[in-house]
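First up is the structure itself, then whatever we jot down about it.
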Protein chains: 2
Amino acid sequence: MDLLDLKTSLKAIDNSSLVDRVEEKLVDYLIENNFKAGDSIPKEIELANSLGVSRTVIREALSRLRMIGLVETKKKKGAVLANPDLMAVLEKSLIPKALDEDTLRDLFEFRLVLEIGMADLIMARVTKEDIDELKTIVAVEPDLSQDLAFNIEHETRFHGKLYEITGNETMKKFQKLLLPLFDYVHRSGLLGKPVSKNKYVSHKGIVHTIEHGSAEMLRNAMRNHLENHFARLF
Amino acid sequence: MDLLDLKTSLKAIDNSSLVDRVEEKLVDYLIENNFKAGDSIPKEIELANSLGVSRTVIREALSRLRMIGLVETKKKKGAVLANPDLMAVLEKSLIPKALDEDTLRDLFEFRLVLEIGMADLIMARVTKEDIDELKTIVAVEPDLSQDLAFNIEHETRFHGKLYEITGNETMKKFQKLLLPLFDYVHRSGLLGKPVSKNKYVSHKGIVHTIEHGSAEMLRNAMRNHLENHFARLF
DNA sequence: AAATCTAAACATGTAATACATAAAAACATG
DNA sequence: CATGTTTTTATGTATTACATGTTTAGATTT
């Protein structure tokens, strides 16, 4: 048996803590018993007794589930299953300095991919009012000579509005989380080449495409608009 | 003052528990003090003393951070900051039955958006070997008359390979999480119309586009390939 | 009888203490 | 010097006690 085999066969030792296991058991229990949002969960003491562990352990496990929004607790009333807020949970671990470089780059790409791919949702759901609002936003489009902070804010407003048009709340929240990260990756020397100053399809061009074009045209326009970012990847 | 004003002005009452606040304080502390992955965190007792709370509370907060992968602890050694695994955390709250319908639909759309938007990554990074593997996969492409489970497995293999080609691990993991959900939404009556049986661009067609086409063509091909899904949305 | 106040019961929230366990460090032994 | 043993230390688990906020029910008032 060589070293690799040895390593894999010995890897099986369970290194998880009691809390880890209880947390898992609780979730399994909730799923198997078909719990829906709003259903109430047994009391801590009961859980402790039936699992044969101390209340401390149960509380730690519940505390974790509470953090990810899977359960909510009220005094006297006990705990109930809740709709977890996926993005709220993501937010907690999205700490730029704690993330490794690969993940940061992945997330940078993630945004680019989303903005191109969402063209169909935008074209299918955009309203006259949305277009008017977009026009208002791009009317004051700053040129590159202006204050950087102002440029960023403007970028955010425009692209944020695009996400809003998709009607996809989850994606919009995700974008909101990605923003500071995107900015962080930008500044860090993570992506080799500096961003070029070439002008591609402008925000105004995008709005025009949304108003008069097709989904396919919008995908191309977005791809072109993001060229400065893509250029840093490839 | 009308009801809405009243509601917003009264909303300010702090309903968070001590653990919630300590958890937040700890993360703030880590960020402000410029902690990087690998740096070790003060001992529980020290934290308890300096924050003026019991070790119980500190432990609950740390337990939460441990769950999302932000810290890792070893006996005797103490806790260290770690690279959080974003997708591992998401997985914990991705319980179909616990999610509300809006979120489920959002996630369904999310996948479609990703697969169209990632065309550029694929075209930029695909290798000769990748194309060979794709060809092997589609060589045994099952027709619609075959076993459903087999079809799903085949779908998974093909689309999973596409994500792999992007070289974006985060996106690949995300897709892996989305799979069971996608399937769940499919079956549930959540999306009105049933999926049509029309044949659009096939997997073979996609492979052909990847080998001989452009990013723009691949976006269009993917959009067309996913038409049966899009048709249920609009 | 309806409304309002009061007290008891109860489940979660926080604290304090004790001991178990694993890992590191120091020490001892051949 | 390599190996084995003890000590130390910080986390892991359990137990107990009490605080706090809600619910329930009972008492009081009108």
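Any value given below was found using the heavy atoms of this structure, including those in side chains, with hydrogens, waters and symmetry copies removed.
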Original post:
Taking it one step at a time, do B:Leu70 and B:Leu81 satisfy side chain to side chain contact (heavy atoms under 4.5 Å, CB included)?
Top reply: CA-CA 6 Å; B:Leu70 193 60; B:Leu81 192 62; 3.9 Å; yes

Original post:
Quick check, are the ring centers of B:Phe182 and B:His186 under 6.0 angstrom apart?
Top reply: yes

**OP:** Could you encode protein contacts along nucleotides 22-27 of chain D as a string, one character per nucleotide from 5' to 3', using B for base contact, S for sugar-phosphate-only contact and - for no contact, with a heavy-atom cut-off of under 4.0 Å?
**Re:** BS----

Pull out every protein N or O sitting under 3.5 Å from an N or O of nucleotides 4-7 of chain D, one pair per line with the distance.
none

**OP:** With a 4.0 Å heavy-atom cut-off, tell me which residues in residues 23-41 of chain A come close to DNA chain D, sorted by residue number.
**Re:** none

Original post:
Does a side-chain N-to-carboxylate-O contact under 4.0 Å join A:Asp20 and A:Arg64?
Top reply: yes

Subject >> Taking every non-hydrogen atom, the tightest pair across B:Asp39 and B:Lys36 >> reply: OD2-N, 2.8 Å

**OP:** List in numerical order all residues of residues 43-66 of chain B for which some heavy atom is under 4.0 Å away from an atom belonging to DNA chain D.
**Re:** B:Lys43, B:Glu44, B:Arg55, B:Arg59, B:Arg66

**OP:** Of all the heavy-atom pairs spanning A:Lys172 and A:Gly160, show the shortest one and how long it is.
**Re:** NZ-O, 4.0 Å

Original post:
Between B:Glu72 (CD) and D:dT11 (C1'), how many Å, whole number?
Top reply: 15 Å

Subject >> With B:Phe35 via ring pair (Phe, Tyr, Trp, His ring centres under 6.0 Å) - residues at least two apart >> reply: B:Tyr29

Original post:
Which is it for B:Val185 and B:Leu107 under the side chain to side chain contact (heavy atoms under 4.5 Å, CB included) test, yes or no, and what are the steps along the way?
Top reply: CA-CA 9 Å; B:Val185 175; B:Leu107 292 173; over 6 Å; no

**OP:** Test B:His159 against every option in B:His229, B:His203, B:His154 by the ring pair (Phe, Tyr, Trp, His ring centres under 6.0 Å) rule and name the one that passes.
**Re:** B:His203

**OP:** Inspect the contact between A:Glu109 and A:Arg105 and indicate whether a charged nitrogen and a carboxylate oxygen are less than 4.0 angstrom apart.
**Re:** no

**OP:** Sort out the partner of C:dA1 for me: Watson-Crick or G-U wobble, both distances under 3.5 Å, none otherwise.
**Re:** D:dT30

Original post:
Would you say A:Asp106's side chain and B:Asn168's backbone share a donor-acceptor pair under 3.5 angstrom?
Top reply: no

Donor-acceptor pairs are to be reported for all side-chain atoms of residues 83-104 of chain B against protein atoms at under 3.5 Å, with residues two or more places apart or in another chain.
residue  : atom : partner  : partner atom : Å
B:Asn83  : ND2  : A:Ala98  : O            : 2.9
B:Asp85  : OD1  : B:Met87  : N            : 3.2
B:Asp85  : OD1  : B:Ala88  : N            : 3.3
B:Lys92  : NZ   : A:Glu23  : OE2          : 3.0
B:Ser93  : OG   : B:Leu90  : O            : 3.3
B:Lys97  : NZ   : A:Asn34  : OD1          : 2.8
B:Asp100 : OD1  : B:Thr103 : OG1          : 3.1
B:Asp100 : OD2  : B:Asp102 : N            : 3.3
B:Asp100 : OD2  : B:Thr103 : N            : 3.3
B:Asp100 : OD2  : B:Thr103 : OG1          : 3.4

Original post:
Are the side chain of B:Arg125 and the backbone of B:Thr166 linked by a donor-acceptor contact shorter than 3.5 Å?
Top reply: yes

Original post:
Thinking salt bridges, do A:Glu164 and A:Lys161 make one under a 4.0 Å N-O criterion?
Top reply: yes

